[in-house]
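In each ligand, atom 1 is the first atom listed, and ligand 1 is the first ligand listed.
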Amino acid sequence: MLKFAANLSFLYNDADFLDRFSAASRDEFHAVEYLFPYPWDARDIAARLNDNGLEQVLFNAPAGDWDQGDRGIACIPGRELEFRAGFNKALEYAQALDCRRVHVMAGICPPGIDAAQMRATYEANVAWAAELAAPIGREVLIEPINHRDMPGYFLNTQTQAHDIVQTVGAMNLKVQMDLYHCQITEGDLSTAISRWIATGRVGHFQIASVPSRNEPTTGEINDNYIFDLIASESQQHGWEGWIGCEYRPKLGAEAGATSRGLTWLRTLRSHSTYPVI
Ligand SMILES: O=C(O)C(=O)[C@H](O)CO
Ligand SMILES: [Mg+2]
């Protein structure tokens, strides 16, 4: 089985955020993810989830001052209190929205701080977050991100992320394997998927075409081959996670752009040899 979640920060941009939940439901999504819920009251989001029968599968912990260039603060020495306050807020939303996974963004490496100090800071922060989240059944995800989209981002490769997961050791610390970033940074997706899913430490996948970050099947990745691989590996290893549709519709913010771009998913739902939701 493959389970796809609509990323409401990237999709349905022709609608206000709170109206995107019903739009995703109309396109027969069963789950959603997005970057940040914090501008909205959790009760309003919970009502949209409930009204539309949607599961909340992922969102991000506060990532610093996004408009000022922060892309997470977990690796930055001196911002630990800010990180902890933000993650506490993320857990409040995770409980209100019954969301199992919280993505903790690492941050852009500040100049003049050595890599060892950033790694120590990052490991201490995600270890603290995982310990706080574990008793309430939440998972902390860390995601390698390519340096074309985020120059200088601390976490860049799958091996780096899994090394940190092993070093920290918390069973609820897992890797968010965004195949868009993995293709740009490392390529060799099939081997990477098989290798890392077998560890049991992949918490979530995300997909988008490369290089344009549009709908699957419109770029250099053979997405249908990848979907078949994830389906078979998931069955072999008992992986039951979600695949986030974190892409920008080719038709942009035109009315109905997202729905008109979902041919790849409708085809998969009707033609695959395994269940697809
Ligand atoms: O950039 C990505 O791919 C992500 O998934 C982050 O959560 C948002 O930037
Ligand atoms: Mg991603």
- Using heavy atoms and a strict 4.0 Å limit, residues surrounding ligand 1 turn out to be L35, N60, W66, H103, M105, E143, I145, M150, Q176, D178, H181, Q206, R213, E246

- Message: Assess, by modelled atom type and distance only, whether the side chains of T217 and D223 contain a donor and an acceptor separated by less than 3.5 Å.
- Response: no

- Item | D163: side chain to side chain donor-acceptor pair (under 3.5 Å) partners, not counting sequence neighbours | none

- Message: Please determine whether a side-chain nitrogen of the Lys or Arg among D178 and R213 lies less than 4.0 Å from a carboxylate oxygen of the Asp or Glu.
- Response: yes

- Query: Is it true that D149 and R71 make a salt bridge, defined as a side-chain N closer than 4.0 Å to a carboxylate O?
  - Reply: no

Taking the six-membered ring for Trp and the single ring otherwise, decide whether the centroids of [X] and [Y] are under 6.0 Å apart.
{"X": "Y34", "Y": "F17", "result": "yes"}
{"X": "F227", "Y": "F4", "result": "yes"}
{"X": "H162", "Y": "W196", "result": "yes"}

- In total, how many protein N/O/S atoms does one find closer than 2.8 Å to the Mg ion (ligand 2)? 4

Run the side-chain donor-acceptor check on residues 129-137: report pairs under 3.5 Å with partners two or more places apart or on a different chain.
none

- Message: Walk me through whether F59 and N7 qualify under side-chain contact (heavy atoms from CB on, under 4.5 Å).
- Response: CA-CA 9 Å; F59 61 79; N7 187 300; over 6 Å; no

